[in-house]
Amino acid sequence: MNATERPGPGDDIAGARDLVALTLQGAEANERPDLISRLTAARHGLIGPTPQGRQAAVRTAAGEAERALESLEIDLRCRQAMLSDPGRTVWLRAEQDRARHRLEDFQARSREWPMVLGEGFADIHANVESHVLARVRGVLTDADEAIAAQDPTKNRDRLDSWLGERLAAEARTTYTLLHNGARRVAAQLADQLDLPGPPAHATLPVTPPGQLVAELPGREPAAVPSSLAVRMLTVVMPTYGGLMMALVLPRFAGLVLPGWLVAVCAVLGALSMGGAAVMVERQRQLDRRRSEANLVVRATVEQFQLALIKQTRDAVRVLQRDLRRAATAAVTRRISDLSATLDTARTAADTAGRASAELSDIGEDLNSVNELRDRARSLLHPHPQPAAAQPIRERVLKAVP
């Protein structure tokens with residue numbers, strides 16, 4: 001403990017400086033910045049005052065010291081009442097136990113969050129890929145029905161527009177499923193770690209649906225030229241066969257028909273056989289165009305499926321990485337906060353265990369405050385003192401943390 005002797009009765013400036021210095025040390029020990037600033041200003045006022053302002057400076061310093069000592073006494077008595085509470089130690093020990101239990105419980109739960117993250121994204125990956133495969137099959141089925149109901153050559157633009165819109169819609173649906181899955185995993189992590197909110201993650205790192213469809217490689221139906229030999233076999237030969245049947249069959253049957261009737265029969269046979277051949281050829285050409293359109297659609301849809309699955313896999317990897325980093329940072333912060341709370345509770349509980357020693361210090365500090373306040377009042381209201389006054393040693397206040 002620092003100490004100093006009480007100045008003699010004639011040295012009022014030295015006595016005021018000594019009083020302010022001791023009171024300022026008490027304010028600093030008790031962490032009272034308001035008192036420190038006022039006492040520092042009072043100490044500056046005692047530096048080199050004029051003979052006329054000597055008494056005013058002393059009275060100002062003594063008044064500030066007296067008010068500061070009254071405030072410190074209030075702090076000391078509040079501290080004394082708090083330490084004297086018989087239930088305070090029990091309460092602080094209970095707070096320490098609760099803080100330790102919270103930390104241990106969180107540490108136990110935090111060991112399982114990587115498993116929650118891994119299982120959650122495994123489910124997302126499986127659900128998204130299953131969804132893509134099912135929706136792609138649905139697109140192919142609808143495309144087959146649309147192609148079978150029309151001539152794909154005449155309605156090619158309409159078919160391409162429908163296919164592009166349908167694939168873009170399927171991509172949007174898949175992205176929504178992926179986004180909702182990531183939000184669900186983030187919510188599961190928040191519940192597992194008892195966080196105030198889900199860990200933040202990046203926006204969905206995917207190509208927009210329209211752009212994804214537009215970047216698919218184009219496919220054209222294979223052009224199969226129709227040669228003269230093919231036309232001869234498919235149209236001309238059946239027509240010739242019908243004509244010859246009308247001319248030859250009556251002779252084989254031994255029928256003698258007029259020439260005009262034979263000619264009419266020949267023309268009708270040629271037209272019927274040729275017409276049937278033309279219809280068959282047209283249907284064959286239509287079927288070929290539909291088959292080619294189906295091949296083009298299937299190739300486009302397969303390219304779309306590969307591109308979409310790659311988008312989802314890349315997005316799952318990025319989202320899982322971001323959530324892992326966010327969860328790790330959240331766990332680190334939470335453990336740090338809970339550890340700090342436990343340290344504070346432990347310090348308070350240990351302090352409560354030393355209450356008797358602190359109460360003794362507070363009693364000594366209150367005695368010092370009373371002595372310093374008497375000195376301040378003697379400077380405010382001076383009166384003659386015995387010439388043989390004994391020096392008094394003052395104690396620096398330190399009990400209030």
Side-chain angles (χ1 to χ4, degrees), residues 1-85 88 92 340 344 347-348 350-352 354-386 389-401:
M1 289 184 291
N2 295 333
T4 184
E5 295 183 354
R6 185 188 296 274
D11 195 357
D12 53 352
I13 288 291
R17 289 174 181 171
D18 185 40
L19 174 65
V20 171
L22 289 171
T23 308
L24 183 59
Q25 291 178 12
E28 291 173 347
N30 292 278
E31 299 180 356
R32 290 292 304 273
D34 54 332
L35 301 182
I36 293 173
S37 61
R38 287 159 47 189
L39 291 170
T40 301
R43 184 172 60 180
H44 290 165
L46 294 172
I47 299 175
T50 61
Q52 295 79 8
R54 180 187 186 93
Q55 188 63 29
V58 170
R59 293 178 63 84
T60 299
E64 289 293 342
E66 184 180 22
R67 286 188 290 272
L69 290 168
E70 291 176 354
S71 180
L72 289 174
E73 182 181 9
I74 294 173
D75 291 345
L76 288 169
R77 294 199 179 278
C78 291
R79 175 79 174 163
Q80 186 181 47
M82 181 183 65
L83 292 176
S84 300
D85 184 3
R88 179 173 177 271
L92 290 175
T344 302
T347 301
D350 293 342
T351 302
R354 299 190 301 270
S356 58
E358 290 197 23
L359 287 172
S360 176
D361 289 340
I362 290 175
E364 295 180 6
D365 284 347
L366 288 173
N367 293 333
S368 298
V369 166
N370 291 330
E371 293 176 3
L372 291 173
R373 188 160 49 199
D374 290 342
R375 290 181 58 179
R377 289 172 180 172
S378 67
L379 290 174
L380 286 171
H381 309 287
H383 57 276
Q385 296 186 3
Q390 296 295 326
I392 300 177
R393 301 180 66 84
E394 301 291 353
R395 177 179 180 274
V396 177
L397 308 181
K398 66 176 183 179
V400 179

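Given the structure is predicted, the values throughout are model-derived calculations rather than measurements.
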For this session: Identify the heavy atoms of A27 and L72 that sit nearest to each other, and give their distance.
Result: N-CD1, 4.1 Å

Problem set entry | R373 side, atom CZ; T23 side, atom OG1 - distance, nearest 0.5 Å | 11.0 Å

Problem set entry | From CD (E66) to CG (D374), nearest 0.5 Å | 9.5 Å

Problem set entry | Point-to-point distance, once rounded to the nearest 0.5 Å, from CG of D18 to CZ of R375 | 4.5 Å

Seminar exercise, completed: CG (L69) and CD (E371) are apart, to the nearest 0.5 Å, by 11.5 Å

For this session: Write down the atom of L372, the atom of L19, and the distance for their closest heavy-atom approach.
Result: O-CD1, 3.5 Å

Problem set entry | Inter-residue atom distance D34.CG - S71.OG, 0.5 Å rounding | 6.5 Å

Seminar exercise, completed: For V20 and A61, the nearest pair of non-hydrogen atoms, with its separation, is CG2-CB, 3.8 Å

Exercise. In Å, rounded to the nearest 0.5 Å, how long is the span from CZ of R32 to OG of S37?
Worked result: 10.0 Å

For this session: Quick one: do R67 and E64 satisfy salt bridge (Lys or Arg N to Asp or Glu O under 4.0 Å)? Show the steps, please.
Result: CA-CA 5 Å; R67 286 188 290 272; E64 289 293 342; 3.0 Å; yes

